[in-house]
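Protein chains get the first letters and strands the later ones, always in sequence-line order, with residue 1 at the start of each. All values below come from the heavy atoms of this structure, side chains included, with hydrogens, waters and symmetry mates left out.
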Amino acid sequence: MLHHCICSNAELNFLRKNNFTEIKMEYKFSEIENKWKKFWEENEVYKVTEDPNKPKYYVLDMFPYPSGAGLHVGHPLGYVASDIYARYKRLKGFNVLHPMGWDAFGLQAEQYAIETGTHPAITTENAIKRYREQMDKIGFSFDWSREVRTCEPNYYKWTQWIFLKLYNSWYNKETNKAEPISTLIEKLQSTNYSRKESRDETKLQTNTEKAWSELTEAEKQHELMNYRLAFQSYSEVNWCAALGTVLANDEIKDGKSERGGHPIERRKMRQWFLRITEYSDRLLDGLDNLDWSDAMKEMQRNWIGRSEGALVKFKVQSSKFKVEQPLEVFTTRPDTIFGATFMVIAAEHELVNTLTTPEQKAEVEKYIAYVKSRTDVERQQEKKVTGVFTGSYAVNPFTNENIPVYIAEYVLGGYGTGAIMAVPADDERDKKFAEKFGLKIVDIVDKSMYPGATIEDKVGKMINSDFINGMEVKDAIKAVIAEIEKRGIGKKKVNYKQRDAGYSRQRYWGEPFPIQYKVVGQPDPHFEGGETDDIPVPLTPDKLPLILPEVSSYKPSGDGRAPLANNADWVKNNYETDTMPGYAASSWYFLRYMDPKNDNEFATKDKIEYWKNVDIYFGGAEHAVGHLLYSRFWNMFLYDLGLVPFEEPFKKLVNQGMIQGRSSFVYRVEIINRTTDLVSSEIIVSKGIADKIKLGEYTVFQIVDLIEKQTGRKIEVGEYIYKGPPAIAGDMSVSDIRVDISLVNNDELDVPAFTNRRRKDDDFLLLLTENGTFICGSEVEKMSKSKYNVVNPDDVIEKYGADCFRMFEMFLGPIEQSKPWDDKGISGVSNFLRKFWRLFYDDKGWKVKDEEPTDAEYKVLHKTFKKIAEDIERLNFNTSVSAFMIATNELGALNCSKKKILEPLLIALAPFAPFITEELWSALGNKESIHTATYPTVEEKYLVENSHTYAVSINGKVRAEITLPIDISADDAKAQVLALDKIKQWTQDAEPKKFIFVKGKIINVVV
RNA sequence: GCCGAAGUGGCGGAAUUGGUAGACGCGCACGACUCAAAAUCGUGUAUCGCAAGGUGUGUGGGUUCGAUUCCCACCUUCGGUACCA
């Protein structure tokens, strides 16, 4: 690199002649960025190896799913932040692991394959290539030699391997950790181990009367399924008969399939699960020691939903016949049992048929069909109260009253026992239900001594409750549980909202299960549903990876089985046809980065010991209870088996907000011909008109007039409008149409471009506006291709450069906050970079001098260091950017281009703007990359202040200012302040009521 | 519905522990340079008021000498809600 300071005039002239200075004097970001991108790659500047002499630091990003749409400007937000942090840590002397990879299995590529026949591997490969190119442009310091791709056999081999570990493990409650299943079998074989007691939560599905040794192999396997951490059970899926496939919740809109609008039905299927509930308590307790936001911890706590309460059995009697099996409920409020005036069971409760009386049968069946067509979310968010009486009654064991049993969708099969005792006096939803169905309400808690307490608060004194009358709620809970246990009708119980994690997907593009079935061919005796009782047999680890085979069709088989059923060999070998879910691979990928190419282990022990857990993890808050819970669980499991030396995988978590898109809308008006139901030609109106139509402020006649006025086109009124009473808004319908944001500028539609794209034959396209300009509606929502609101980072970089893009993303606002993308402010950052560049170059060329800086210049420098270092530690990158702007403005004002100021400032800026700083660093004569430099230290001596300008307020309102020495006493300050003319105006020379002096902050005079 | 978060000028946002609300930037206005434009530089910019002064951080209330910050109730928007990742 040329060292400009020592260039002779002759050299400069030579350079000028060769047009070099022009390149240099102007900030040409694309040349600079291309040059250094290449340099970093060729010199492997970001490659990292285990180095015992340096402290390690692991900076991780949640790896992306490479979708066909490419990266949009929202994706890099977290990556830029983590990159700044990783670069900062490197400059501070840490050995930083900062990898990136691809979460490459998923639904989108599969859907694309179904539509086009292209193999998902090809789509995925292309998407990765595109993402990689886009990322490289931004200048990330990832060590790409450690890249992982979850869809490749050398990766999913280890996903399958961990699955086998889960399958072959059980959770020993005595040692409180996972152990190999062999230790369980030993216990089961021993005669003094009670199989019935060992799993109180699970209904054992085998005959526990027989001794273990007397069981058949199939019976043994069935029983072991109750313990395995990866196990099979039955659960409901969204079955779409018309499409012959199981649908993800995401593929359902308003209770219908998104594609085609077909009806959905809940259908029970045999599925794999992970027994995450065994870890519920540890997942809860572990949160206490994590450096995560309280919000994130709270969400996980609430998701796990630990609650203490009681299981209570209610006897049931039907008018026609006797029911042997009691109805069991879980309640967190056993104290309210005297107010339990009815019961509600879930539509999928096993006693539904038994309890339904012949008179109620038709109504119950109708209701159950309705519930089955709805997802859990829909069932709970419904504001209207629905339900149906079974015809049967249960007996409240404490009041001995007969209470009716209802079925309602607000009770879910998956939570608790799928049945509740309803206490309308003390539960909001029960109350609404009771009011709707005219059921008895008995007040049982007096809250009058707790003003402001809500219906659900666990406070008050019991009334109308026999032996617990007068007790506080807390004590009453204990007393009732004791009584329940004494009478043998129930027991104390801890319940978790969290359920075991569904692990089967009826999909192609995922990891195959390393499972081969031993065919029995008999219907499963333990479950309804007609599935066969085949016994899963795990592959031995040496058979891994079990490669995902080609299939003749990516469509599901149609009978509920996954696309792998379309491969004859696969079926012949009795391999499992389901595949693993999306979260499988992402539950452990952070470990693979440590040793990504290892064929013999998922990662070797030495390397795991060196890198340990992730020090800081950047990712979206949308993963709060999914990925972040699953990966904690997997890591704890591996810890139990002694495969990793730490229980928690992510020490610190940063949730970057989502950058949302701003979608634009136009509005299509349909005028309906009442006699023929025909729809008029396409009429597109602006937001103002659409709003008025929706409010009923425009009649059809007025719209027809508008059309004629604005387009000259006459709509045959008679043809479209019912002749008779005046048309009302109901004669038109308005629907929102998304319009690509590239056709919209400041909410104004580019009418010619829109017309062009919308319809070739614009004869039928009528655009209406209120005053000439076509203003679109807008909405802030997730950025996505289907919403036509995607902004591509490539375009931004092309226009402004990568350094500018990086700094602008940071400048947008706090990293944790969601915000819509708006590139209006980007020119500010662009201006800053050019101003910064001009500290080094002006029209005459290089201007950096070797002079000794003044104290004022040093002060600017060290003030900035201090601010930046504090900001980075606190992850306030937006204010760091503004600190750099302030420093540049101040140095510009001081006309300072001194090397001793600019060189260290470059290092501080390097994590944010790696390209421009590298270029200027090299222009200063440095041979090594700036990214291997040492971070400057703050020298406090330049920052010492000896006076402070206080704001003086009267009764909290600022009225004056006064500059006082920093170590002045309160009394001296008071004397000086009260002598101020402005203050005298308010005090009228009277002694103030109060004088508040907060050193270095404020003075307040109360009069 | 439930769980979590956010709401501050025309716009993005700042205010770190309860202590001068609006840093920094965009936009806008005016000015300088220029034949002109662009670029650049400078000045101003919460709001009402001539001013003194008043009002102002989603809404309503409270605590405090002092509240964007703490408490209570509510409204709106966003994320998650167990098969999108």
Side-chain angles (χ1 to χ4, degrees), chain A residues 62-65 67 103 105-108 237-238 246-252 271 293-303 305 375-383 410 414 428-429 452 497-507 581-583 586 620-627 629 655 657-658 660 780-782 808 811-814 816-820 822-829 831-832 834-835 838 870-871 874 876 878-879 881-886 889 892 949-959 961 992-996 998 1000-1007:
Chain A
M62 287 183 188
F63 63 168
Y65 171 77
S67 97
D103 189 12
F105 278 130
L107 208 52
Q108 281 181 41
V237 294
N238 304 311
V246 175
L247 294 179
N249 291 332
D250 220 43
E251 298 173 290
I252 300 170
Q271 313 246 49
S293 71
D294 290 338
M296 203 54 47
K297 291 183 184 180
E298 199 57 22
M299 274 192 266
Q300 290 215 345
R301 285 194 190 106
N302 291 332
W303 182 263
T375 65
D376 280 2
V377 177
E378 287 175 316
R379 285 170 61 176
Q380 285 176 88
Q381 74 191 18
E382 188 60 69
K383 279 180 191 160
Y410 78 93
E428 196 62 49
R429 282 180 307 178
K497 214 183 290 170
Q498 182 179 40
R499 312 199 285 260
D500 283 326
Y503 200 68
S504 283
R505 299 291 182 268
Q506 289 71 40
R507 306 277 171 193
Y583 68 81
S586 59
E622 67 271 22
H623 297 286
V625 289
H627 160 64
L629 211 47
N655 295 114
M658 192 173 286
Q660 291 140 334
V780 170
E781 42 185 15
K782 241 180 179 170
F808 179 61
F811 192 54
L812 267 179
E816 308 222 334
Q817 196 170 302
S818 285
K819 53 233 154 189
D822 184 353
D823 55 13
K824 276 202 204 98
I826 197 165
S827 61
V829 177
N831 286 343
F832 154 72
R834 273 179 289 144
K835 260 191 224 173
R838 283 200 305 273
E870 283 171 2
D871 278 351
R874 269 200 307 267
N876 290 347
N878 54 331
T879 49
V881 176
S882 86
F884 282 119
M885 288 173 171
I886 293 167
N889 290 344
T949 302
Y950 287 88
V952 183
S953 29
I954 303 290
N955 296 342
K957 285 245 180 273
V958 178
R959 302 292 178 185
E961 257 184 15
K993 277 189 194 156
K994 213 169 185 180
F995 184 84
I996 291 148
V998 184
K1001 296 259 158 113
I1002 200 172
I1003 292 163
N1004 191 14
V1005 185
V1006 185
V1007 293

In this structure, how many angstroms lie between the [atom2] atom of [N] and the [atom1] atom of [X], rounded?
| X | N | atom1 | atom2 | value |
| --- | --- | --- | --- | --- |
| D500(A) | C83(B) | CG | P | 12 Å |
| E251(A) | A85(B) | CD | C1' | 13 Å |
| H627(A) | A85(B) | NE2 | P | 13 Å |
| N238(A) | C84(B) | CG | C1' | 13 Å |
| I954(A) | G53(B) | CD1 | P | 12 Å |
| Y583(A) | G80(B) | OH | P | 18 Å |
| F832(A) | C41(B) | CZ | P | 13 Å |
| N655(A) | G4(B) | CG | P | 15 Å |

Interatomic distance at [atom1], [N] relative to [M], whole Å:
| N | M | atom1 | answer |
| --- | --- | --- | --- |
| G22(B) | U47(B) | C1' | 13 Å |
| A21(B) | G66(B) | C1' | 14 Å |
| A23(B) | A37(B) | C1' | 34 Å |
| U69(B) | U63(B) | P | 15 Å |
| G9(B) | A14(B) | P | 13 Å |
| U59(B) | A51(B) | C1' | 33 Å |
| C35(B) | G10(B) | P | 40 Å |
| C70(B) | C24(B) | C1' | 28 Å |

Donor-acceptor pair, S953(A) side chain versus I1003(A) backbone, under 3.5 Å? yes

Polar side-chain atom of K1001(A) near backbone of A951(A) as donor-acceptor pair, under 3.5 Å: no

I want to verify a distance call: between C78(B), A85(B), U81(B), whose nearest atom is closest to the W303(A) side chain? U81(B)

Of all the choices, U40(B), C65(B), G79(B), which nucleotide is nearest to the side chain of K994(A) once you look at every atom? C65(B)

Is there a side-chain contact between S818(A) and Q660(A) (heavy atoms, below 4.5 Å)? yes

Answer with base, sugar-phosphate or nothing: what part of the nucleic acid does [X] contact at a heavy-atom distance below 4.0 Å?
| X | value |
| --- | --- |
| Q300(A) | nothing |
| V1005(A) | nothing |
| Q498(A) | base |
| K993(A) | nothing |
| V237(A) | base |
| A624(A) | nothing |
| R834(A) | sugar-phosphate |

Test ring-ring contact (aromatic ring centres under 6.0 Å, His included) applied to [X] - qualifying residues, sequence neighbours left out:
| X | value |
| --- | --- |
| Y410(A) | F433(A) |
| Y65(A) | none |
| F811(A) | none |

Phosphate-side-chain proximity, [X] and [N], N/O vs OP1/OP2 below 4.0 Å:
| X | N | value |
| --- | --- | --- |
| K782(A) | A85(B) | no |
| N249(A) | U81(B) | no |
| R959(A) | G54(B) | yes |
| R499(A) | A82(B) | no |
| R301(A) | G4(B) | no |

Taking it one step at a time, do D871(A) and T879(A) satisfy side-chain hydrogen bond (donor to acceptor under 3.5 Å, both in side chains)? CA-CA 7 Å; D871(A) 278 351; T879(A) 49; 3.0 Å; yes

Take M296(A) and K497(A), find for each the nucleotide of RNA chain B with the closest heavy atom, and name the residue whose nucleotide sits nearer the 5' end. M296(A)

Using heavy-atom distances to pick each residue's nearest nucleotide on RNA chain B, tell me which of H623(A) and M658(A) is more 5'. M658(A)

Using salt bridge (Lys or Arg N to Asp or Glu O under 4.0 Å) as the criterion, list what pairs up with E298(A), not counting sequence neighbours. R301(A)

Partner nucleotide of [N] by Watson-Crick or wobble geometry (both distances under 3.5 Å):
| N | result |
| --- | --- |
| U55(B) | A46(B) |
| G66(B) | none |
| A5(B) | U77(B) |
| A15(B) | none |
| C83(B) | none |

Intermediate values then yes/no, side-chain contact (heavy atoms from CB on, under 4.5 Å), F832(A) and M885(A): CA-CA 6 Å; F832(A) 154 72; M885(A) 288 173 171; 3.8 Å; yes

Per-nucleotide protein contact along nucleotides 9-25 of chain B, 5' to 3', at a 4.0 Å heavy-atom cut-off (B base, S sugar-phosphate only, - neither), is ---BSS-B--BB--BBS

Conformer about C1'-N of G9(B) - syn within 90° of 0, anti elsewhere: syn

Under 3.5 Å donor-acceptor pair, Q506(A) side-chain atoms to C83(B) base atoms: yes

E251(A) and R507(A) ion-paired at < 4.0 Å: yes

What pairs with N238(A) under side-chain hydrogen bond (donor to acceptor under 3.5 Å, both in side chains), at least two apart in sequence or on another chain? N249(A), R266(A)

